[in-house]
Colleague: 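Take a look at this one; I'll ask things after.
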Amino acid sequence: QYNQNRFTCDDVDFNLRAHSAGLLICKFNHLSVMKKQIAIGGHRTFHIKSKASEASTVISPSQYICAPDSKHTFLAAAAQLLLEKYLQYNSHHLFPLSLKNYSNPVLSVDCYLNLGPEICVCYMSSRPHSLNINFSGLAFSGLLLYLCDSFVTANFLKQFHFLKGATL
């Protein structure tokens with residue numbers, strides 16, 4: 001089932017969750033069908049505007065951050081979209097050890113997010129019988145927990161190794 005709180009990379013996230021659950025994924029060449037109703041957002045060129053000013057001022061992604069459950073944002077966009085865009089455009093500041101460090105990716109649990117072209121992301125599922133890659137000997141440069149399942153516990157996270165100074 002598609003996540004109604006996602007605005008970007010929902011297809012990638014869905015396929016990673018389906019694969020980790022052991023489900024068969026079919027690839028159809030030259031055919032792509034997806035139907036999803038999104039009230040606002042969902043488009044890569046969606047312009048995020050301020051609710052307060054009527055002028056067409058450009059708002060930088062560093063101003064997108066707000067709590068995901070916030071009901072009164074000053075921007076005319078869903079809070080989840082703002083957070084996803086913020087993480088995508090500011091990931092190099094949030095995960096400095098991950099910048100162009102493809103041998104030590106950021107660990108993303110239960111939810112894939114595109115953190116930009118210079119940050120490598122490794123997806124893991126926390127579900128008990130999921131199929132994950134072999135991560136033994138791999139040290140992660142960061143941890144991203146966004147819309148994760150209730151299976152994410154301290155014991156689950158203890159099995160991963162992180163670089164000294166990693167952003168958690």
Side-chain angles (χ1 to χ4, degrees), residues 2-3 5-23 25 27 32 34 41-48 58-70 73 75 77-168:
Y2 280 105
N3 189 334
N5 295 318
R6 292 297 309 272
F7 288 86
T8 59
C9 301
D10 196 22
D11 55 340
V12 176
D13 182 57
F14 177 82
N15 285 326
L16 287 170
R17 286 187 289 124
H19 176 69
S20 69
L23 299 174
I25 297 177
K27 178 181 175 185
S32 176
M34 180 189 299
H43 193 268
R44 188 170 179 85
T45 58
F46 182 72
H47 299 288
I48 298 173
V58 177
I59 300 167
S60 73
S62 63
Q63 296 174 306
Y64 290 176
I65 193 71
C66 68
D69 58 351
S70 177
T73 61
L75 297 174
Q80 287 89 355
L81 172 64
L82 294 174
L83 183 59
E84 289 177 22
K85 291 291 186 181
Y86 174 82
L87 289 171
Q88 183 177 7
Y89 288 105
N90 294 298
S91 60
H92 57 284
H93 295 298
L94 298 169
F95 302 104
L97 294 179
S98 307
L99 193 61
K100 295 183 181 177
N101 183 0
Y102 304 110
S103 59
N104 300 106
V106 172
L107 175 61
S108 180
V109 179
D110 292 332
C111 184
Y112 173 81
L113 281 177
N114 179 6
L115 297 180
E118 297 179 329
I119 305 290
C120 184
V121 177
C122 180
Y123 171 86
M124 294 282 181
S125 176
S126 66
R127 295 192 173 258
H129 300 291
S130 58
L131 304 171
N132 286 316
I133 65 164
N134 182 4
F135 56 88
S136 61
L138 183 62
F140 296 99
S141 56
L143 173 65
L144 179 62
L145 298 176
Y146 175 64
L147 299 174
C148 54
D149 290 335
S150 60
F151 298 108
V152 178
T153 61
N155 287 335
F156 172 78
L157 294 175
K158 284 180 185 176
Q159 64 183 324
F160 303 108
H161 300 286
F162 295 93
L163 295 175
K164 183 178 182 179
T167 305
L168 305 177

Colleague: Can you name the closest pair of heavy atoms from Ser20 and Ser125 and give their distance?
Modeller: OG-CB, 3.4 Å
Colleague: Step by step, would you call Leu144 with Leu115 a side-chain contact (heavy atoms from CB on, under 4.5 Å)?
Modeller: CA-CA 10 Å; Leu144 179 62; Leu115 297 180; 4.2 Å; yes
Colleague: Rounded at 0.5 Å granularity, tell me how far CG in Leu163 sits from CG in Asn101.
Modeller: 6.5 Å
Colleague: Measure the spacing between NE2 of His93 and CG of Leu99 and express it to the nearest 0.5 Å.
Modeller: 9.5 Å
Colleague: Kindly compute the distance separating CE (Met124) from OH (Tyr112), expressed to the nearest 0.5 Å.
Modeller: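 Rounded to the nearest 0.5 Å, the CE-OH separation comes out at 14.5 Å.
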Colleague: Using 30° and 60° as the class boundaries, would you call the ring planes of Phe162 and Phe140 parallel, tilted or perpendicular?
Modeller: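 Tilted.
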Colleague: Working to the nearest 0.5 angstrom, can you tell me the gap between Glu84 CD and Leu113 CG?
Modeller: 5.5 Å
Colleague: To the nearest 0.5 Å, how far apart are OG in Ser136 and CD in Gln159?
Modeller: 11.0 Å
Colleague: Taking side chain to side chain donor-acceptor pair (under 3.5 Å) as the definition, give me every residue that meets it alongside Asn155, ordered by chain and number, with sequence neighbours left out.
Modeller: none
Colleague: Is there side-chain contact between Phe156 and Val109, with at least one heavy-atom pair below 4.5 Å?
Modeller: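 Counting from C-beta outward, Phe156 and Val109 do come under 4.5 Å.
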Colleague: Counting N and O atoms only, with roles assigned by atom type, does the side chain of Ser141 sit under 3.5 Å from a partner on the main chain of Asn104, one being a donor and the other an acceptor?
Modeller: yes
Colleague: Rounded to the nearest 0.5 Å, how far apart are SG of Cys122 and CG of Leu138?
Modeller: 6.0 Å
Colleague: Please answer whether the main-chain N or O of Ser126 pairs with a side-chain N or O of Asp110 as donor and acceptor at a distance below 3.5 Å.
Modeller: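 Yes, the answer is positive, given that a donor and an acceptor are paired below the 3.5 Å cut-off.
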Colleague: Does any N or O in the side chain of Thr167 come within less than 3.5 Å of the main-chain N or O of Leu94, such that one atom is a donor and the other an acceptor?
Modeller: yes
Colleague: Specify the closest pair of heavy atoms between Tyr102 and Pro117, including all atoms of both residues, with the distance to one decimal.
Modeller: OH-O, 3.7 Å
